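Ligands are counted one by one from 1 in listed order, and the atoms in each one are counted from 1 as well. Please read these numbers as outputs of a predicted model, since none were measured by experiment.
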Amino acid sequence: MALEHNYPLQTLNTFGLSAQAEHFARFQSIEELQNLLAQAERPLMILGGGSNILLTQDVKGSVLKNEIGGIHIIEEDDQSALVKVGGGVVWHDFVMWSINKQLGGIENLSLIPGSVGAAPMQNIGAYGSEIKSVFEELEAVHIDSREVKIFNNEDCQFGYRYSIFKGELKGQFVICSVSFRLSKIPQFNTSYGAIEDELKAMGATASLESISQAVIAIRQRKLPNPKDIGNSGSFFKNPTISNAQFESLKSQFPNIVGYPNGQDKTKVAAGWLIEQAGWKGYTHQDAGVHKNQALVLVNYGQAKGQDILKLSQDIQASIQQKFGIALEAEVNII
Ligand code: EPU
């Protein structure tokens, strides 16, 4: 299988940033990946939907794009179905498939950009659901030995926007397929207030379809569509601080938004902090902070990765100064 050289990545990252891969190839099966791993120049970068990366420079070495397809029910009973999905499948296409088959568990995760293979990497989550609650196992290829290894739920060490593939095993495995246990018995999760409100406004009762439609409507209102405006969803993670620090901030900023996270920690809405610091809607040349959701940095067309990076650093410095909180990027900076 041939690798291409000086390959443009602009259409392969949702920020729409212009950068080149020194070498580039796509793979559609584990065997093709194993062949590529045997010959591709290092370093390696594995690309999924390109929806969680900020390209600040050309990429040295080889970029390999996962295009392994297929959605198959491999086991089922009265209560659930085990579904195996190729890592290259578009996440939202899988969500739409599940709703069509009346299989529950990922409807709250409608319209999240990216691919199925990238989803476990950071345990994607939204509107009160995370994939760890439906995740059964994944199949990954070890980059050095080219052997296939299976990881179950516990092996992945899922946390908030975290898995072992972002920690201890970073850069060591390529996730090729993921299996999910989806439910045939309706168990809707409308705990996230905005979903209840949206269902009411739609005049709908909870169902897989209506929840998915509610989530899609909320997301479309708040989050820019990468097809229109380049972005990578939330650029920062919501930071976790001590309850003591939260209380002290609350006395200064009574409207600060935070949620209990364990016994002595509070997760703070980074979007609120960024908005309060005056950044919402800010633009400098073509790099900006989205007007409806301050957690999302955007490329209005001609921004460079370095411009977005600089903006993110300025925001981090300003949040540190105003609130004493260190914001951490959620996207991978390359
Ligand atoms: N807020 C503001 N100003 C803003 C944005 C938010 O004050 O500009 C406040 C909101 O009013 C709300 C709170 O912050 O009280 C939380 O906002 P929202 O419900 O929109 O969620 P979020 O914390 O900003 C997280 C995820 C999103 C996910 C939503 C919904 C992270 C980093 N982001 O955002 O995920 O869709 O919850 O569950 O955890 C993504 O990861 O790319 C992503 C979009």
Point to revise | Verify same cluster id: Leu311, Tyr300 (apolar side-chain graph, 4.5 Å) | key: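 In one cluster: no.
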Check your understanding: What about Leu3 and Phe24, same hydrophobic cluster or not, with Ile/Leu/Val/Met/Phe/Trp/Tyr joined at side-chain heavy-atom distances under 4.5 Å?
Key -> no
Review point. Side chain or backbone of Gln293 under 4.0 Å from ligand 1, or both, or neither, by non-hydrogen atoms?
Key: both
Taking N or O atoms only and a 3.5 Å limit, does [X] qualify as a polar contact for ligand 1?
{"X": "Glu330", "result": "yes"}
{"X": "Ser232", "result": "no"}
{"X": "Ala294", "result": "yes"}

Practice item. Answer yes or no: is there a donor N or O on one side and an acceptor on the other, between the side chain of Lys166 and the main chain of Arg161, under 3.5 Å? Key: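 Between the backbone of Arg161 and the side chain of Lys166 there is a qualifying donor-acceptor contact (under 3.5 Å).
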Point to revise | Short side-chain to backbone donor-acceptor contact, Asn299 and Phe15, under 3.5 Å | key: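 Flag set: sc Asn299 to bb Phe15 pair under 3.5 Å.
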Review point. Would Lys280 count as a cation-pi partner of Tyr282, with NZ or CZ less than 6.0 Å from the six-membered ring centre and within 45° of the ring normal?
Key: no
Point to revise | Test item, Arg161 contacting ligand 1 (heavy atom, 4.0 angstrom) | key: yes
Check your understanding: Would you call Tyr259 a ligand 1 contact, heavy-atom distance under 4.0 Å?
Key ->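 Checking ligand 1 against Tyr259, which is what was asked, there is a heavy-atom contact under 4.0 Å.
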Revision key, fill the gap. Atom 21 (O) of ligand 1 has as its nearest protein heavy atom Tyr192 OH, 3.6 Å
Revision key, fill the gap. Nearest non-hydrogen protein atom to atom 42 (O) of ligand 1, with distance, is Ser234 N, 2.8 Å
Review point. Going by the atom numbers of ligand 1, which of them fall below 4.0 Å from some non-hydrogen atom of Arg219?
Key: 36 (O), 44 (C)
Review point. Of Tyr160, Trp272, Tyr127, which has the heavy atom at the shortest distance from atom 39 (O) of ligand 1?
Key: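 Among Tyr160, Trp272, Tyr127, the closest heavy atom to atom 39 (O) of ligand 1 belongs to Tyr160.
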